[in-house]
Amino acid sequence: MALRVFNTLGGKKERFEPLKPGRVRMYVCGPTVYDNCHIGHARSVVVFDVIARYLKAKGYDVTYVRNFTDIDDKIIDKANQLGMDCKAVAEKYITEFYKDMDALNVERATIEPKATEHINQILKFVEKLIQKGFAYRINGDVYYSVEKFKEYGKLSGRRLEDMEAGARVDIDERKRNPFDFVLWKSSKPGEPAWESPWGMGRPGWHIECTAMSKEYLGETFDIHGGGKDLCFPHHENEIAQSESVSEKLFVKYWIHNGFVNINHEKMSKSLGNFLMIKDVLKKYHPETVRLFLLSNHYRSPIDFTDQALDEARIGLDKIYALLERIENEIGVKPDKALESGECWQRFSDAMDDDFNSARGIGILFDTVRSINRLLDQKKNDVSPEIKKIARSHHADILRIGGILGILNEQPKVYFEKKQTRVLEQKSIDSEVIDQMIKERDRARKDKNWKKADQIRNQLADMNIILEDRAEGTTWKIKDT
RNA sequence: GGCGGCAUAGCCAAGUGGUAAGGCAGCGGUCUGCAAAACCGCUAUUCACCAGUUCGAAUCUGGUUGCCGCCUCCA
């Protein structure tokens, strides 16, 4: 099946055909590093991480660029507030970004450029825009003139005339049009500044992505992504800048991810309900968070609630339990060399349909159920044929996990870590549990069911759930 | 004011004109000393509402209602 992608430019699903066969060049807008990352950043980064992983799995040679905006008014404000210099602020939050994203098992992009390291490219771009008559100077500032670009608004589907009606845009009398945006901003004393033909200053926000994407991906490339909110004005402005210089199509496919709501509410500063990744990770396993984020289609809004995360956690446990069961019962070791089977094919079909990870996860659970069923039926007699099917499905599950960025741990380790964590939280000694289980075993051998059940109830009160199996009693911890 | 999106079971959610994936919760069953886990079965004649197109619509068109987003820094 051919990959189809919803293109914001045009507003419909299109067959994905990269400019150069076999090669994908993509650019995703990264964070402005002035604060910790919240769960909304996580969604965007995870979604594009999965897209990049999937494209690679399909055999494309992927060049993935994700930038850091490391100079910006908000960074300057933060620096003043903390009494630090801007560079230190940016570095601090880049470190935090990596901490969060590494924890979430996000792969590094191919190139992760910073705005401040591309000032020359930015200056050249601004000069060209002035030369070509798309930009104008007001003292030390340079503005882009949106009226000069006749296709302005083609991405977000708005027209300059319509927007002016109820525009809530700051009125700057000096600008020719309220939607003109700054390319180069003159600096006040004490602010970070670079020399330019227009005096000391710093780049405007939109220009950096334009300059850096051109630097690494060329004038036209395949995919440009980011959160839905970036569609206007950021990406609209990027198109204007790029295409007015290159006179070529800037980007073939625009991909925008939806927002994360918190308990049915928009995440916003005024509501004070920003959920930081590091706080979420205190409570939930990173793979739980990924499974949750990928369980809705990337363009739909997703609602962060404890219930939703608990369900994701239960689902993840279920998959890991199946992996552990396979290893125990038929001794299959992960084998990535094994050819992909039917489950991978179904998953891949789902992903081919505009990266429908939600449908893909449904297929993952389907697969889990079918293996459990297989192993239930032939409990004592695992035939070579069943072994073969189980191995194939097992390999497919791991392959799917590799795209979603989950199932990265050994099942045994996954459950042990969980146990250790919860036991510590509740300050329970696992020795005590083992002792109690031994005592219960003796009671069971004597068919003293009353005592055995009493011990089990005691353990249940400690959130320890017993499983009596043929090989012996095992226990799992209920984390709530 | 302009632009866009969404509405599918108790909850979450996929659904690409051909007869409603998957998950959670619930109920019944298999297994078990009893449980747990796993599996099986049941839980939407119906997809906000009203028209229309079609042999056929959750899917397309028009309208109504209700939510939401963007247009201002924002993933």
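Computed over heavy atoms, backbone and side chain alike; hydrogens, waters and symmetry mates excluded. Proteins come first, then strands; the chains are lettered A, B, ... in the order of their sequence lines, and each starts at number 1.
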Without decimals, in angstroms, what is the distance between [X] [atom1] and [N] [atom2]?
X        : N     : atom1 : atom2 : result
A:Ile386 : B:C39 : CD1   : C1'   : 14 Å
A:Ile400 : B:G22 : CD1   : C1'   : 13 Å
A:Arg373 : B:G29 : CZ    : P     : 21 Å
A:Glu471 : B:A37 : CD    : C1'   : 12 Å
A:Leu364 : B:G23 : CG    : P     : 11 Å
A:Asn296 : B:G22 : CG    : C1'   : 13 Å
A:Arg299 : B:G69 : CZ    : P     : 19 Å
A:Ile314 : B:A25 : CD1   : P     : 5 Å

For this session: Please confirm whether A:Phe68 and A:Tyr98 have ring centers closer than 6.0 angstrom.
Result: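 Yes, the ring of A:Phe68 comes within the 6.0 Å limit of the ring of A:Tyr98, centre to centre.
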
Problem set entry | Proximity of A:Tyr144 and A:His206 rings by center, below 6.0 Å |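 Ring centroids of A:Tyr144 and A:His206 are no less than 6.0 Å from each other.
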
Provide the distance between the two [atom1] atoms, one in [N] and one in [M], to the nearest whole Å.
N     : M     : atom1 : answer
B:C27 : B:G15 : C1'   : 27 Å
B:C12 : B:A25 : P     : 15 Å
B:A38 : B:C74 : C1'   : 46 Å

For this session: Would you kindly compare A:Lys74 and A:Asp303 by the position of their nearest RNA chain B nucleotide and give the one closer to the 5′ end?
Result: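 It is A:Asp303 whose nearest nucleotide is closer to the 5' end.
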
Exercise. For A:Lys318 and A:Ile465, take the nucleotide of RNA chain B holding the closest heavy atom to each; which residue's nucleotide lies nearer the 5' end?
Worked result: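 Nearer the 5' end of the strand: A:Lys318.
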
By nearest atom, which of the nucleotides [options] is closest to the [X] side chain?
X        : options             : value
A:Glu311 : B:G23, B:G15, B:C74 : B:G23
A:His41  : B:U16, B:C24, B:A75 : B:A75
A:Phe179 : B:U72, B:U16, B:G22 : B:U72
A:Phe259 : B:A38, B:G69, B:A14 : B:G69
A:Ser44  : B:A38, B:A75, B:G22 : B:A75
A:Trp205 : B:A38, B:A75, B:C73 : B:C73
A:Arg158 : B:U16, B:C24, B:G2  : B:G2

Problem set entry | A:Asn36 side chain near A:Lys278 side chain, heavy-atom distance below 4.5 Å | yes

For [X], which contact category applies under a 4.0 Å heavy-atom criterion: base, sugar-phosphate, or nothing?
X        : result
A:Arg43  : nothing
A:Gly153 : nothing
A:Gly227 : sugar-phosphate
A:Leu230 : sugar-phosphate
A:Val45  : nothing
A:His297 : sugar-phosphate

Are [X] and [Y] close enough that a side-chain donor and a side-chain acceptor fall under 3.5 Å?
X        : Y        : result
A:Glu107 : A:Tyr64  : no
A:Tyr143 : A:Asn177 : no
A:Asp70  : A:Tyr93  : no
A:Asp141 : A:Ser186 : yes

Using the 3.5 Å cut-off, write out each protein N or O paired with an N or O of nucleotides 4-9 of chain B and the distance between them.
none

For nucleotides 32-35 of chain B, which of its nitrogen or oxygen atoms have a protein nitrogen or oxygen under 3.5 Å away, and what is each distance?
{"residue": "B:G33", "atom": "O6", "partner": "A:Arg440", "partner atom": "NH2", "Å": "3.3"}
{"residue": "B:G33", "atom": "O6", "partner": "A:Arg444", "partner atom": "NE", "Å": "3.2"}
{"residue": "B:G33", "atom": "N1", "partner": "A:Asp453", "partner atom": "OD1", "Å": "3.0"}
{"residue": "B:G33", "atom": "N2", "partner": "A:Asp453", "partner atom": "OD1", "Å": "3.2"}
{"residue": "B:G33", "atom": "N2", "partner": "A:Asp453", "partner atom": "OD2", "Å": "2.6"}
{"residue": "B:C34", "atom": "O2", "partner": "A:Arg456", "partner atom": "NH1", "Å": "3.2"}
{"residue": "B:C34", "atom": "O2", "partner": "A:Arg456", "partner atom": "NH2", "Å": "2.2"}
{"residue": "B:C34", "atom": "N3", "partner": "A:Arg456", "partner atom": "NH1", "Å": "2.8"}
{"residue": "B:C34", "atom": "N4", "partner": "A:Asp468", "partner atom": "OD2", "Å": "3.0"}
{"residue": "B:A35", "atom": "N6", "partner": "A:Asp468", "partner atom": "O", "Å": "3.1"}
{"residue": "B:A35", "atom": "N1", "partner": "A:Asp468", "partner atom": "N", "Å": "2.9"}
{"residue": "B:A35", "atom": "N3", "partner": "A:Arg456", "partner atom": "NH1", "Å": "3.3"}

